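The structure presented is a predicted model; accordingly, all values stated were derived computationally and were not measured. Per chain, numbering begins at 1; letters A, B, ... match sequence-line order.
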Amino acid sequence: MYGNALRFRRQRALPAWAGVRVWVAGCLGRFFVFQELQDRLEGTLRNLRGNARLSEENMTDAMREIRRALLAADVEVSVAKSFVASVKDRALGEDVLKSLSPGQQVVKVVHEELVALLGHSAQDLDLQGDPPSVVLVMGLQGSGKTTFSAKLALYLKEKGRRPMLAACDLQRPAAIDQLEVLAESIGLPVYTQRGTEDVVAVAKAARQAARDQLCDVLIVDTAGRLQIDESLMEQLSELEAAIKPSEKLLVLDAMTGQEAVSIASTFNDRIGVTGSVLTKLDGDARGGAALSLVHITGKPIKFAGVGEKVTDLELFHPDRVAGRILGMGDMMSLIEKAQENVDEEQAAEMEAKFRRAEFTFEDFLDQLRQVKKMGSLKSIMGMLPGMNPKMLKQVNVDDKQLSRTEAIICSMTPHERRRPEILNGRRRKRIANGSGTHVADVNRLLKQYKDMKKMMKTLSKPGALDRFGKGLFPGM
Amino acid sequence: MVFGAFKKLKKGLGRTREQVLGRIGAAIRREVYLTEDFLEEVEEILIASDVGVDAAVELTEGIGRRLRKKGGSMQLADVAAVLQEDVARLLGGASAEEPVMQGPPHVVLMVGVNGVGKTTSIAKLAQYHRDKGRSVLLAAGDTFRAAAVEQLSMWADRTGVEIVKQAMGADPAAVAFDAIGRAKAKGIDVVIVDTAGRLQNKEGLMRELEKIARVVQKQLPEAPHETLLCLDANTGQNGISQAKEFTSVVPLDAIFLTKLDGTAKGGVVIAIAQSIDLPVRYVGTGEGAQDFALFDADDFARGLFDASSLDETAQDAAADATEQ
C-alpha cells in the first residue's frame, strides 16, 4: 500500500521537469552527470560493494575525502573535523543498503547530518513585544547589510507589516544616501539624521519616529565592522542595550572563508545573535561558511540573499545549501522553478504521454517553451548536480539553440510534428529552408528526438521510475 | 562528545594578534620531530588561513621533505622560516613593487564582486598617486548600486582629486570613455575607473565589463594599463573562481587585497597564485584613505604563521601523543 503511494508521489513529481532534464541532457549529449564527491567516494569504497558493513578501516579514506570536500567548500577546519567525526560515528556499523552503493550511502549520511546541523526547515523572524519590534542588522563591511535591510523591509511589507528603516551606518560615506534611495524604491519610510556620530541617539530617535508613524517593525542598518575592532564592537553593544532588538541578525557573505568562525563567535559573544543571513548566494561559492555560522551561534540561518534587486530575498533552505556544500547542485530550486512555470494540466497530460512513450514534436515544442520560461539554459544547468562552473564553461550552451530548435519545429506541419517518421529528404529540406537552418540541423534534432523517445521507453518500464527518482536526488 | 575538538578552537580564538606578535620576540629554540600529527597540524594552520587544501598539502610536503633531510628533527624557528620562504616563492617573490606608470593618462580599471571594497580601495589608490605628485581623475563607473556615485564623490572631495560622473543607471562604459577623454585633454596622469560589483557567474554583467574595457580602448588603445581585481581578505576558496572568471573577461594584472586589518589572512591569494599566477600588488588595511600599502610577500608570509603559532601546534601534537 505504502509502496504504491510512494511511487505515485514520485510519478506525480516527475513530469513537471523530467522532460526538461531529458532535454537538457539531450543538449549535453549525456544523460546524467554524477557529482564529484560521490565519484571520489565510490573510488575509496569500491571494495565495499555487496552486503559489507561500513567499518573503521574502510571508512578512513572516505572520511578524508569528505573532510577535503568540506574544506574546499570553506567549512572551517575544526568545524569540518568535528563534523566528519559525527558522520563517522553515525555511518559506522550501518548496513550497506542493497539499493545504494556504499558511496551513495555515505553521501546520504553526510547530507542528512548537514541538514540536521543547518536546521530542518526554513525559519521566519520572531517579532514579539510592543511595537515597534526592532531588528538589528549587523556584520562586516561589504557583507550586504544595507541591501539586506531594504529587502527585509520589502519582505515584511508584503507580509502586511508596516516596517521603517533606520540608517545607523554613520561610518561609510553615502551609506545614508544608499538606504534612502532603496527605501524610496520600495515606498517605505526611512529615518535618517545627518551630521552626527551618536548611533545610539539616532536609533532611539528612529524608534520614536516609528512609534509616531505607527510602524510596527524598525529595521536598524548598522555600519560594517570587523569583529576585532574593539571600539566599534563596544558601540554596537551599547546600541543593542539601548534599543533591545527582538531580532539580532548577523549578515555574512556566502563567500567567506575560514574567518566565519571568528566572526560568528565574536558577534555572538558580544551582541548575541538570534539568527543569520547568508548573502550573495546567487554567486558560485559553495557556502561552507553556513555550517560554521550555525555551528558557532547555535541559531538558524533565516534568510538567503540571492541577487542585487530588492526582491531577491528568500527564506533559508537548509537542505539546498547542504546539497550545495557537497557539490550536489541546487536541485530543490530547480524543481521549484520548474513547478512555478509548468502548467499543472499540461504536466499531467504530458505524464500520460510519457507513460505511453507517445512523445511527439508538439509535446517537445511545449516543453521547449516551458524551459524558455524558466530562464537561460545555462542557469538551469547550473542547478543540476555535478555541474560546476568549469563544466558549464566547456559546454557553452547557446540559448539561441532553443530558438533555432523552436523554429525548426514550427516549420513542420502539424501532421509532421505528430508523425516525424514521414520526414523524408524533401520535407527536411523544406523545413530547413522554412526555419532558416540547414538540413544537418534538422537531422540533428531528429536524432535527439529519437534518443529521447528511446529513453522514455526505458523510463516507463516498471521500477525504472524508482531508479530515476534516485538519480533525481543523488544519495537520497 | 561529538564536537569535542572545539576546546582547541576556542583557545585559538582567544588568541589575539597582539599576543601572537608579542611572542615572536621570545626566540623559540625548540626542536620539532617529524610526526604525522605535527605535519597534519601544520596543514591545518595553512588551511585555516584559506590557502586551500591543495596549496596546504604542497607546502606541508615541503616541510616533511626538509625534516626528513635533516634527519627527522628541526628547530621550530627554521620550520617557520621554511614555510615563509616557500609561501613567498609561491607568491612570486616580487615584493613591494611600485606600478609601472604608463600613459599619460595611466588608466586603472578596478573590478571585483560586490562588497569587497572597490570604492574605498580607489580612494586609497588616488591618495597614493597624489602623494607621489601625480594628478588623478576618478571615473564613477558604478552607476548601478544606490549611492555608489555619491560615495565616490565624497572620496574625491576628501582626497582632493577630480571626478567624472553621470546619473545613476548611466552606461558605465560611457562614463569611462568621458573620463579618459577629459584626462587626455587636461593632461591628467592617472585615471581610475570604478565599476559596479558583479558576481563572476553573472554572464550579462561580465559582458558589460568586457564592453567597458573595449570602449576604454577606443579612447586609448593600450588602456587599461592596470586592471586590478579587488579581493576581500575574508574570501574563501571562491577567490580562485573570482580570479579565473574575471581574468577571462578582462585580463587582470594584479590583485588589490582588502580588509587585511582583521584577523583574516587572505591565504586564498596563494591558491590563486598557484592556479593562474596572478600577483598581489596592493593591500588595504583600514577604512581611511591612508590605510594602504604595497604588497610585501615576505611580510604577508610572516603574517600567515610565525614560530609561536607553530610552537603551540607542536606542543598540542606532543600532548596528543602523550595522551594516546
Side-chain angles (χ1 to χ4, degrees), chain A residues 68 71-74 76-79 81-83 85-86 89 140-144 146-147 150 171-182 185 226-229 253-263 265-266 279-280 282-286 288-289 295 308 376 378 382 389 392-393, chain B residues 2-6 8-10 12-13 16-17 44-45 47-50 52-53 56 113-117 119-120 144-155 158 168 197 199-203 232-239 241-242 245 248 258-259 261-265 267-268 287:
Chain A
R68 221 186 144 96
L71 291 174
D74 289 324
E76 201 264 350
V77 175
S78 52
V79 176
K81 221 176 182 178
S82 46
F83 180 78
S86 75
D89 279 351
L140 260 56
Q141 291 93 340
S143 53
T146 307
T147 307
Q171 213 79 25
R172 183 167 55 99
I176 298 177
D177 300 327
Q178 189 185 353
L179 199 63
E180 270 178 346
V181 173
L182 288 169
S185 75
L226 284 168
Q227 76 276 18
I228 54 155
D229 189 324
D253 188 327
M255 292 178 269
T256 309
Q258 300 281 321
E259 275 295 288
V261 161
S262 157
I263 296 165
S265 66
T266 315
T279 59
K280 305 177 203 171
D282 49 328
D284 59 4
R286 300 273 291 277
H295 198 131
E308 294 186 79
S376 82
K378 214 166 192 173
L392 277 183
K393 199 133 221 184
Chain B
V2 181
F3 298 130
F6 264 81
K8 199 176 282 175
L9 169 71
K10 289 242 170 71
L13 292 177
T16 67
R17 203 178 181 77
E44 277 178 12
I45 289 189
I47 292 174
S49 315
D50 287 320
V53 179
V113 299
N114 314 64
V116 286
T119 307
T120 310
F144 179 80
R145 204 201 67 200
V149 175
E150 284 84 343
Q151 191 183 347
L152 195 69
S153 303
M154 284 188 195
W155 279 120
R158 285 192 202 171
M168 212 178 121
L199 295 175
Q200 69 273 21
N201 60 342
K202 302 272 161 109
E203 222 183 307
D232 186 331
N234 287 297
T235 307
Q237 299 310 296
N238 192 248
S241 156
Q242 289 173 26
E245 296 302 315
S248 72
T258 63
K259 308 187 197 175
D261 46 333
T263 43
K265 304 275 176 49
V268 71
E287 289 184 282

Given heavy-atom pairs under 4.5 angstrom as the criterion, report whether the side chain, backbone, both or neither of A/I263 touches chain B. side chain
Part of B/E287 lying under 4.5 Å from any heavy atom of chain A: side chain
Could you look at A/E180 and say if it's the side chain, the backbone, both or neither that has a heavy atom under 4.5 Å from chain B? neither
Side chain, backbone, both or neither of A/D282 within contact of chain B (heavy atoms, under 4.5 Å): both
Is there a side-chain contact between B/Q237 and B/V53, using heavy atoms and a 4.5 Å cut-off? no
Tell me, with the steps shown, if A/K280 and B/V113 meet side chain to side chain contact (heavy atoms under 4.5 Å, CB included). CA-CA 10 Å; A/K280 305 177 203 171; B/V113 299; 5.7 Å; no
Closest heavy-atom pair, B/F144 versus A/E308, reported as atoms and distance to 0.1 Å, is CE2-OE1, 3.3 Å
Taking the side chain as every heavy atom from C-beta outward, state whether B/M168 and B/V149 have any atom pair closer than 4.5 Å. no
Apply side chain to side chain donor-acceptor pair (under 3.5 Å) to residues A/Q178 and B/Q151 and explain how you reach the verdict. CA-CA 9 Å; A/Q178 189 185 353; B/Q151 191 183 347; over 6 Å; no
Taking side chain as everything from C-beta outward and backbone as N, CA, C, O, which of these in A/I176 sits under 4.5 Å from a heavy atom of chain B? Side chain, backbone, both or neither. neither
Against chain A, work out which of B/E150, B/E44, B/M154 has the most heavy-atom pairs shorter than 4.5 Å and name it. B/E44
Under 4.5 Å, counting heavy-atom pairs only, tell me which of A/P173, A/A73, A/G142 racks up the most with chain B. A/P173
Please identify, among A/D74, A/L226, A/L71, the residue contributing the most non-hydrogen atom pairs under 4.5 Å to chain B. A/D74
Can you see which heavy atom on A/L182 is nearest to which on A/T147, and at what distance? CD1-CA, 4.3 Å
